[in-house]
Number of protein chains: 2
Amino acid sequence: MPTPPPSSPAAAGTSDVEVETLTAVFQVQEMTADTDPVLCVLLGHDTDGPWTLPGGAVAADATLETSARRAVADSVAIANIAHLEQLAVFSDPHRLPGTRTIASTYLALVPSDVPTELPHASAWHPVDALPTLAFDHAEIVEAARHRLAAKLSYTNIAFALAPSRFPMSQLSEIYCAALGYAVDTTNLLRILSRRAVVVATGTVGKTGRSGGRPPALYAFADKQLRVTDEFATLRPPM
Amino acid sequence: MPTPPPSSPAAAGTSDVEVETLTAVFQVQEMTADTDPVLCVLLGHDTDGPWTLPGGAVAADATLETSARRAVADSVAIANIAHLEQLAVFSDPHRLPGTRTIASTYLALVPSDVPTELPHASAWHPVDALPTLAFDHAEIVEAARHRLAAKLSYTNIAFALAPSRFPMSQLSEIYCAALGYAVDTTNLLRILSRRAVVVATGTVGKTGRSGGRPPALYAFADKQLRVTDEFATLRPPM
DNA sequence: TCAAAAGTGTTCGTAGTACACCCATGT
DNA sequence: ACATGGGTGTACTACGAACACTTTTGA
């Protein structure tokens, strides 16, 4: 019979620890009609305090991931979270006053076509103009942004930010919002096609307000995270 | 004054949780004189139970990372851990019997030239021939291997596996052991040179047992993790 | 017919692979 | 000298970036 793993020599029964989840939920939104869409993060605040990321204590009967999903559900229905993944753990003993609380943090993505109405005291904030955040929450948002940007270049993670069908120009705007710089729509299509990340649906969309050719609509081949460019270098032979 | 983050609606005071660290410590070792070196992981076992990863409860006064370092220190001096980074959190409510225990897991690397003598009931095991491991520890080793392999291709993480000076052929063997397939020594030098990951020291090593030209010795430019190939694609303009 | 947006094609640079060939040493 | 391993050079491929040009629509 397996015995529990050995505990640290000089630490017996150090159970005085809380575990919370904190999630950076991102959505790309058009703030105004004639401006480029921007990356937004979901924040809440209780009674006058600074803004916080959605989160809460671990549920006794669930994994941290499920707990994170539930904590976000106050503002965004769980079905609308197209992707959720672990970020880092923040465990500085003094990151919060009071009882020691370890934060397991998550990155969550919501497609740009789900309604942005929020109940309660929550709101979407553009990541480039964040208000003051509580504790280390700003650091967590930064880590999430960084992770998202990195994964955009070697995975199909954008499936979780895009609508189910979209013209490439719109996808390009999503990449632009998330990465913080322009991407060439032409080349984006080529890259994502070659990798079989994106496929043409055969349908065409409506042309925009100021004329122009009606765009072909594309869709993501998978709706789950897939690494599409695993080995930049040192790939296995053959 | 900031208030603590909101707690999950139907979960008040769920503090019945232990937090442990578990670390997959890797070292590349020559098991026998005339065979290729292999990647090994550090395991321990208490009194007849299955093998386990080193770990233990969180220290009250330290971060999880520091706790992980201390837990490994029984077997490998902390100074010999050239790199340590977070892996995933394992939070299945039933991953251990008894009190709910959440595991924050780590990947640690030890250079191949530090002595491999181990005190106590610990031993190095080749990752391709692991004994039965306790609980989900095998899964953690797999995650660690995968992370290591991935980072070898886009970071300088090999600095933590290699001695301070080495011939390229030896570095090639280290890559081979960690990746599981052969890498071309010639091209490895070119790639790592271009990226300024590795630099020539000007010194030369001793020629091998069966003749041959004495090899130039190289060293890693940095002894801290650095991403050397950040954007495989979609890099920022200019 | 003109502007706007979409899509196609072409060129270029560069990184990585494969592999042939040359160099230095011990026996 | 020759086998053994180390090092250099070269050709080939592939991917991505940049950008010009063509196509399709609405006004």
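Here is the naming used below: chain letters follow the sequence lines, and residue numbers restart at 1 for every chain. Side chains are part of it too, since the values below use all heavy atoms of this structure and drop only hydrogens, waters and symmetry mates.
Atom CD1 of Ile191(B) is separated from atom P of dT14(C) by 17 Å (rounded to the nearest Å). If you take CZ of Arg213(B) and C1' of dC21(C), they are 13 Å apart, rounded to a whole angstrom. As a whole-Å value, the separation of Asp229(A) CG from dG16(D) C1' is 11 Å. Atom-to-atom, CG of Asp184(B) to C1' of dC19(C) comes out at 9 Å; the value is rounded to the nearest Å. Between Met168(A) atom CE and dT8(C) atom P the separation is 11 Å, expressed in whole Å. Per the geometry, CG belonging to Leu152(A) stands 17 Å off C1' belonging to dG16(D), to the nearest Å. To the nearest angstrom, C1' of dA5(C) lies 16 Å from CG of Leu188(A). Atom CG of Leu189(B) is separated from atom P of dA15(C) by 15 Å (rounded to the nearest Å).
Heavy-atom distances to DNA chain D give each of Pro214(A) and Gln170(B) a nearest nucleotide, and the one nearer the 5′ end belongs to Gln170(B). Heavy-atom distances to DNA chain C give each of Leu217(A) and Thr186(B) a nearest nucleotide, and the one nearer the 5′ end belongs to Leu217(A).
Between Phe220(A) and Phe159(A), the two ring planes are perpendicular [angle over 60°; tilted spans 30° to 60°].
Residue Arg190(B) is in base contact, counting any heavy-atom pair closer than 4.0 Å across all strands shown. When heavy atoms are screened at a 4.0 angstrom cut-off, Thr185(B) is found touching no nucleic acid atom at all.
Distances shown here put a side-chain N or O of Arg195(B) below 4.0 Å from the OP1 or OP2 atom of dG16(C). Note on Ser169(A): every side-chain N or O is 4.0 Å or more away from OP1 and OP2 of dA5(C).
Looking at Ser122(A), its side chain never comes within 3.5 Å of a backbone N or O of Leu118(A) through a donor-acceptor pair. In this structure a side-chain-to-backbone donor-acceptor pair under 3.5 Å is missing from Asn80(B) to Val110(B).
Of the residues listed (Thr185(A), Thr186(A), Asn187(A)), the one engaging Ser172(A) in a side chain to side chain donor-acceptor pair (under 3.5 Å) is Thr185(A), and it is the only one.
Arg165(B) and Thr203(B) share a donor-acceptor pair across their side chains, judged by distance under 3.5 Å alone.
Of all nucleotides listed (dC15(D), dG7(D), dA18(D)), dA18(D) comes nearest to the side chain of Asn187(A).
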